[in-house]
S.K.: 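Have a look at this one before I ask anything.
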There are 2 protein chains.
Amino acid sequence: MDAPQKAQIGRPRGFDADDALEQAMLLFWKQGYEGASLTELEAAMGITRKSMYAAFGNKEELFLKALQRYTVGPAAYSFESLRQPTARQVATMFLAGSVRSSTWPGGPAGCMGVQGALSTGEAGRVVRDTLAVWRDGGRAALLDRFRQSVDEGDLPPTSDPEVLARYVMTVANGIAVQAAGGATREELQQVADAALKSWPPA
Amino acid sequence: MDAPQKAQIGRPRGFDADDALEQAMLLFWKQGYEGASLTELEAAMGITRKSMYAAFGNKEELFLKALQRYTVGPAAYSFESLRQPTARQVATMFLAGSVRSSTWPGGPAGCMGVQGALSTGEAGRVVRDTLAVWRDGGRAALLDRFRQSVDEGDLPPTSDPEVLARYVMTVANGIAVQAAGGATREELQQVADAALKSWPPA
DNA sequence: CACGTTCAGCACTGATCGGTGCCGAAAAAG
DNA sequence: CTTTTTCGGCACCGATCAGTGCTGAACGTG
């Protein structure tokens, strides 16, 4: 996308765009889209407002780029979990990753995809809808994976991949809310374990 | 508290305070604390800004009063569920109530206690913290009830009421997030059913 | 009647919102 | 060199934010 293919005429950028985006992500994660002001963002990113606009567009685009970074960073556990050999292991790793990411020491509690913009006024409609699509994409990925497990036999043919996928996603969303409210990693891992007690046997 | 005990000198209030508070609750529920502006609130409540301040204080107090109304209204299922005779029935009714309230036709999707202010800037700190306490109060109430069930024998002595209470609350929170993203009542009731599949036998 | 309160409405405050314009300087490419 | 781009900084934009002051009338009580 933004590969350094251009000839780069002119003064080069004086800050690390990835670093700045990381800081923006952390602030959006902690305070939400509406709760993070441009003034706070430029302080966190360590650059001026002009540089921010030149590099990332406007606040909405900045959030969406921060979300991309969140997806391949703190939320990367979701993709890794899909590569597990059985549905049970997928679900186990997905929830464990959700717990770990939501309670990362020193990082914001919870999930950016949940609390970034769960409900907003009209000004945040695009971001809110984008996050809803983002979350549903995770559910759809689990669904595909669980369908594969039914085909391969590590989920019984009587099981319903639709329900299982939404169930796992619902527990993960709940874990994010709990973490945002101060629940600890140990407490939430116990919840994740409890949630998998009824997983269909192979 | 606000019983009509005062002699009521002067012109009587020209609007129904309960009605107005109901409309404020619905807007906060739909758009969150930061996302609902005073201009939108006065339009929804059908009163002027002056009357709103005279009757409810400021925006923060208005939200907290709307939360009280939410608690005894759309969230009343939580108290009703606690009166069920067994822990299993408590959990079943709690989750079913969460599903119904989060997907009420014509009402805002989700749970005001979750999306009202899950993460905010500094301006919403009080409201955000209050909601976290509110949610944890629900968990604590479930915990007390499940401890009672262990004593009474409808939960096995080996079960952990702490984990069970947080598990039920986590699933309810996840249901709220799912509903906010557009999940239907039927889909979420299936999730609630799945969540209870592993409930400890009496 | 007078008194006290609320009415509707509108202008208004200071602050902050997201977003721009302009500046001269600095640093790269050609 | 010139050209091009970004730099830091700061004033500034119109709009909106939460919250207030003021007005004159309406409507109750004693």
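Throughout, protein chains are lettered first and strands after them, A, B, ... in sequence-line order, and every chain is numbered starting at 1.
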S.K.: Could you work out, with salt bridge (Lys or Arg N to Asp or Glu O under 4.0 Å) as the rule, every residue matching A:E22, not counting sequence neighbours?
M.R.: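 Expected list: A:R69.
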
S.K.: Can you name the residues that form a side chain to side chain donor-acceptor pair (under 3.5 Å) with B:T71, not counting sequence neighbours?
M.R.: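 With neighbours one apart ignored, the set is B:W134.
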
S.K.: Measure the distance from CZ on A:R13 to P on C:dA29 and round it to the nearest whole Å.
M.R.: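 Distance, rounded to whole Å: 16 Å.
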
S.K.: Can you list, in residue-number order, the parts of residues 116-130 of chain B that come under 4.0 Å of DNA chain C, counting heavy atoms only?
M.R.: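 Correct list: empty, so none.
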
S.K.: According to ring-ring contact (aromatic ring centres under 6.0 Å, His included), who are the partners of A:Y77, at least two apart in sequence or on a separate chain?
M.R.: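 Listed in chain order: A:F94.
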
S.K.: Starting at atom CE of B:M52, determine the distance to atom P of C:dG9, rounded to an integer number of angstrom.
M.R.: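 Answer to the nearest Å: 14 Å.
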
S.K.: Looking at residues at least two apart in the chain, or sitting in another chain, which of them share a salt bridge (Lys or Arg N to Asp or Glu O under 4.0 Å) with B:R185?
M.R.: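 Scan of B:R185 (salt bridge (Lys or Arg N to Asp or Glu O under 4.0 Å), adjacent residues dropped) gives none.
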
S.K.: Please enumerate all residues that pass side chain to side chain donor-acceptor pair (under 3.5 Å) together with A:S37, with sequence neighbours excluded.
M.R.: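 A:S37 satisfies side chain to side chain donor-acceptor pair (under 3.5 Å) with A:E40 only.
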
S.K.: To the nearest Å, give me how far apart CG (B:L27) and P (D:dA18) are.
M.R.: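 The answer, rounded to whole Å, is 11 Å.
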
S.K.: Starting at the 5' end of nucleotides 18-27 of chain C, put B wherever the base has a protein heavy atom under 4.0 Å, S where only the sugar-phosphate does, and a dash everywhere else.
M.R.: BBSBB--BBB

S.K.: Could you check whether atom CZ of B:R100 has more than 12 heavy atoms from other residues, nucleotides or ligands sitting under 6.0 Å from it?
M.R.: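 It does not: B:R100 CZ has 12 such atoms or fewer within range.
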
S.K.: What residues form a side chain to side chain donor-acceptor pair (under 3.5 Å) with B:Q115, not counting sequence neighbours?
M.R.: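 By the side chain to side chain donor-acceptor pair (under 3.5 Å) rule, B:Q115 matches no residue at all.
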
S.K.: Based on the rotation axes of five pairs at each end, what angle does the helix from C:dC1-D:dG30 to C:dG30-D:dC1 bend through, to 10°?
M.R.: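 Axis-to-axis angle, ends of the helix: 10°.
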
S.K.: Could you list the residues that satisfy salt bridge (Lys or Arg N to Asp or Glu O under 4.0 Å) with B:R147, not counting sequence neighbours?
M.R.: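 Partners of B:R147 under the salt bridge (Lys or Arg N to Asp or Glu O under 4.0 Å) test: B:E162.
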
S.K.: Which atom pairs, donor and acceptor, lie under 3.5 Å between side-chain atoms of residues 121-128 of chain B and protein residues at least two apart or in another chain?
M.R.:
{"residue": "B:E122", "atom": "OE2", "partner": "B:R125", "partner atom": "NH1", "Å": "2.6"}
{"residue": "B:R128", "atom": "NE", "partner": "B:T120", "partner atom": "OG1", "Å": "3.0"}

S.K.: Under the ring-ring contact (aromatic ring centres under 6.0 Å, His included) test, which residues partner B:Y167, sequence neighbours left out?
M.R.: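 Counting only residues at least two positions away or on another chain, B:Y167 forms no ring-ring contact (aromatic ring centres under 6.0 Å, His included).
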
S.K.: Nearest whole Å is fine: how far is D:dT6 P from A:F15 CZ?
M.R.: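 For the pair A:F15 CZ and D:dT6 P, the rounded distance is 9 Å.
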
